[in-house]
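I have placed the structure first, in the form of structure tokens, so that the comments after it can refer back to it.
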2 protein chains.
Amino acid sequence: MSRKKSDKTTIHDIAYELGLNASTVSRALNNNLAVSKKTRELVKAKALEMNYQPNYIAAALRRGRSNTLGVIVPAIDRSFFGRVIRGIEEEADEAGFRVIVCQSFDSSEREREMVDTLRGLQVDGLLISVAKDTGDNLDLYQKLISSGFPIQFFDNVPSSLEVVPAVIIDDRRGGYAATKHLIDQGYKRIAHLRGPQHLHIYRNRYLGYLDAMKEAGLEVNDDSVLEIVSHFDNGEEAFEELWKRTPRPEAIFSASDYSAVSGMKAARRLGLRVPEDIAFIGFANEPFNELVSPTLSSVDQQPITMGQIAATRAIKGITSDEDDEQPNDRLVLMPEVVVRESSGAK
Amino acid sequence: MSRKKSDKTTIHDIAYELGLNASTVSRALNNNLAVSKKTRELVKAKALEMNYQPNYIAAALRRGRSNTLGVIVPAIDRSFFGRVIRGIEEEADEAGFRVIVCQSFDSSEREREMVDTLRGLQVDGLLISVAKDTGDNLDLYQKLISSGFPIQFFDNVPSSLEVVPAVIIDDRRGGYAATKHLIDQGYKRIAHLRGPQHLHIYRNRYLGYLDAMKEAGLEVNDDSVLEIVSHFDNGEEAFEELWKRTPRPEAIFSASDYSAVSGMKAARRLGLRVPEDIAFIGFANEPFNELVSPTLSSVDQQPITMGQIAATRAIKGITSDEDDEQPNDRLVLMPEVVVRESSGAK
DNA sequence: CAATTCATCGCAATCGGTTTCATTCTAGCA
DNA sequence: TGCTAGAATGAAACCGATTGCGATGAATTG
């Protein structure tokens, strides 16, 4: 009869069966050279035989390291975040880290809860794209950063902090490039569907639009710009509204692919041809851009690279001994314009 | 000077500051009535003041319960899974459970690793949509199920097991309903783009197609059906292939929205009108179905409901004392046809 | 042959909470 | 006043793995 009480095998069970001590079993399973090769193999064989399942949280408790990364994103089912997470997982896998993903649903309150939860689960580092509501968790993040806790922000980062360890793309440059592309195609009256301006990503895309227009000596007035609340809907209404204005736009740079696509839809309903009558370019390079017709030009944010770099930096912050080795600067990636049918030459 | 060694506060630190014992602090924080109200409030105030962060894994280790659910899906960025996870999180939140999400990337080997990882993390239950490669982990799942471990499968479930605790939709019924809808619109020559037949979900959609065709007395031959490997690509080629055959189809039921959309694209490139010249209906009701034009009819799989039910059942399996309370049956949800433009009347 | 080195392994403390059992103290009652 | 019930808290074992230190014994060296 075995001495086991429950169904799960522990190193003590293995040790008992083999007439060894749990510490030896632990060392053997960790390939510690202090244990003879013979014993190591014996232990491993027995572990397999007894269907041993290591208890990671016990090890984490003792070691003070869980080898786990916590990730918080607004919503898991937005393809951008999905791809960022893919990049994170790739690097984490490589470095022997696990990944726990949580959703804030764009609520900074829930985001705060998630931070607490993940820290309670003893994650070694945190990767966060902050919620897009109007709240913030500046106090919390300020405390975490200055305590030296490995944390990396990406995409949408807390704006008003002095030092923010983050991986972002140059949205202003992206907005500039998208607009410049339209200008290069010969369009002059270019409108911009911008996102909520309290979010710096949308603000920067808008500024980039202004940069390009100014550089080309093109006019921008109140009628050139329209703000959309949620980037999911309103694209149709927004387009109709823009189309009513005089002079009518020849091209539209939308801060989101969603509103660009629904804008194109509204355009087609009005009997307009894209891009002949009205050209479009979006932002984010969503996968469905290839599926709609005409296919939608957009600005790629390099999500996978973003995830990889953010993870690498976080892991570096975890594994480096020196506290000052913490990557605390703001790494900026360059976006790329992806040209498709919707922004063809005028 | 404080007695703290590190920066994180423990219940022992709080106890020391208050001249109490750690056990009292623990009880106080858990609202245990054995502790006087005065002490409870004192402890809570001190905990707040000292910025105490409970260590969940220590508690989990001792209690043998982590209040965490593990979820494994092929890929997080597929909107179907995103929505299932949303449903899972809703129910988990309600019941005070955390959720850890992992991706198998459709590799059953990686899926197995994830199961090990999550069990090592001491999750109390597992929710899995199995990888769509040709492998399986039948031995592993058989063992888990018969050991009474709370596990629930959803969407794509291990086929050849006797008893599978699962929440699925009736794919056969869905395939039938989609085909029936096309028939009701007056189409007679209806082709089917089917998915890999070793996966029962695709097999069942195909069977449902056959059911409807047979019921209506319509002919199905080798030319009516075409198999697509990856549901992401090949939609265009597949359509072109189908269009070459004689007689040409009037309508297409595709087992995936992706291939339906790219099929529509190929159709338009050939100068065909949808649905006048060729009608389409897909499966899965992806969000982009609303964005493409014409909008794509599809079959909704009720992902949120699926997630909610799967989570509820898993949690029930965890919290119920009786081992035989485990929900081990196969719960079947009914899919719903969502009619849009692509399948208009002939 | 005695002394020393090194490989191998056991003992026990430890991580941070939880929980059982014991202890202290106060209030209530005869 | 003396005794007891019950409220409040403390002491210590415990969850499962890790690890510093010490013990054992064999091998090596002078």
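So that the names make sense, note that chain A is the first sequence line, chain B the second, and so on, each numbered from 1.
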(request) Indicate, with a heavy-atom threshold strictly under 4.0 Å, whether B/G120 touches base, sugar-phosphate, or nothing. (result) nothing
(request) Return the set of residues passing salt bridge (charged side-chain N to carboxylate O under 4.0 Å, His left out) with A/R330 (not counting sequence neighbours), or none when no residue passes. (result) none
(message) For B/A60, is there any backbone N or O sitting under 3.5 Å from a side-chain donor or acceptor partner on B/S66?
(response) no
(message) Does this structure show an ion pair linking B/D155 with B/R78, if we count only N-O contacts that are shorter than 4.0 Å?
(response) no
(request) Quickly work out the B/Q122 CD to D/dC15 C1' distance and round it to whole Å. (result) 10 Å
Shorter than 3.5 Å, N or O on both sides, protein versus nucleotides 18-20 of chain C: list them out with atom names.
{"from": "C/dT18", "atom 1": "OP1", "to": "B/R63", "atom 2": "NH2", "distance (Å)": "3.2"}
{"from": "C/dT18", "atom 1": "OP2", "to": "B/S26", "atom 2": "OG", "distance (Å)": "2.7"}
{"from": "C/dT18", "atom 1": "OP2", "to": "B/N30", "atom 2": "ND2", "distance (Å)": "3.1"}
{"from": "C/dT18", "atom 1": "O2", "to": "B/R62", "atom 2": "NH1", "distance (Å)": "2.5"}
{"from": "C/dT20", "atom 1": "O4", "to": "B/R27", "atom 2": "NH1", "distance (Å)": "3.0"}

(request) Spell out, as yes or no, whether a donor-acceptor pair under 3.5 Å connects the side chain of A/N137 to the backbone of A/L140. (result) no
(message) Does anything in residues 102-155 of chain B form a ring-ring contact (aromatic ring centres under 6.0 Å, His included)? List the pairs, not counting sequence neighbours.
(response) B/Y141-B/F153
(message) Whether B/R110 and B/D133 form a salt bridge (side-chain N of Lys/Arg under 4.0 Å from carboxylate O of Asp/Glu) is what I want to check.
(response) no
(request) Enter the inter-axis angle for the ends of the helix from C/dC1-D/dG30 to C/dA30-D/dT1 (five pairs per end, rounded to 10°). (result) 60°
(message) Can you measure B/Y56 atom OH to C/dC15 atom C1' for me and round it to whole angstrom units?
(response) 18 Å
(request) May I have the distance from B/I57 (atom CD1) to D/dC14 (atom P), rounded to whole angstrom? (result) 21 Å
(message) Heavy-atom nearest nucleotide on DNA chain D for B/K37 versus B/L61: which residue maps closer to 5'?
(response) B/K37
(request) Round to a whole Å and report the spacing from NZ of B/K38 to P of C/dT26. (result) 12 Å
(request) Check whether any side-chain N or O of A/T39 sits under 4.0 Å from OP1 or OP2 of C/dC9, and answer yes or no. (result) yes
Show the distances under 3.5 angstrom between N or O atoms of the protein and N or O atoms of nucleotides 4-7 of chain C.
none

(request) Run the salt-bridge test on B/R63 and B/D124 with the 4.0 Å N-O cut-off and return the result as yes or no. (result) no
(request) Run the numbers on B/D116 and A/Q53 for side-chain contact (heavy atoms from CB on, under 4.5 Å), then give the verdict. (result) CA-CA 7 Å; B/D116 284 345; A/Q53 193 77 40; 3.5 Å; yes
(message) Between P on D/dA8 and CD on B/E41, what's the gap in Å once rounded to a whole number?
(response) 13 Å
(message) Using the salt bridge (charged side-chain N to carboxylate O under 4.0 Å, His left out) criterion, which residues pair with B/E113? Sequence neighbours excluded.
(response) none
(request) Using whole Å, report how far CG of A/L20 lies from C1' of C/dC11. (result) 14 Å
(request) Could you check how far CG of A/N55 sits from C1' of D/dC15, rounded to whole Å? (result) 8 Å
(request) Output yes when B/K46 and B/E49 qualify as a salt bridge under the 4.0 Å nitrogen-oxygen rule, no when they do not. (result) yes
(message) Between A/V35 and A/V43, does the side-chain contact (heavy atoms from CB on, under 4.5 Å) criterion hold? Intermediate values first, please.
(response) CA-CA 10 Å; A/V35 176; A/V43 168; over 6 Å; no
(request) Measure the distance from OH on B/Y16 to P on C/dG16 and round it to the nearest whole Å. (result) 17 Å
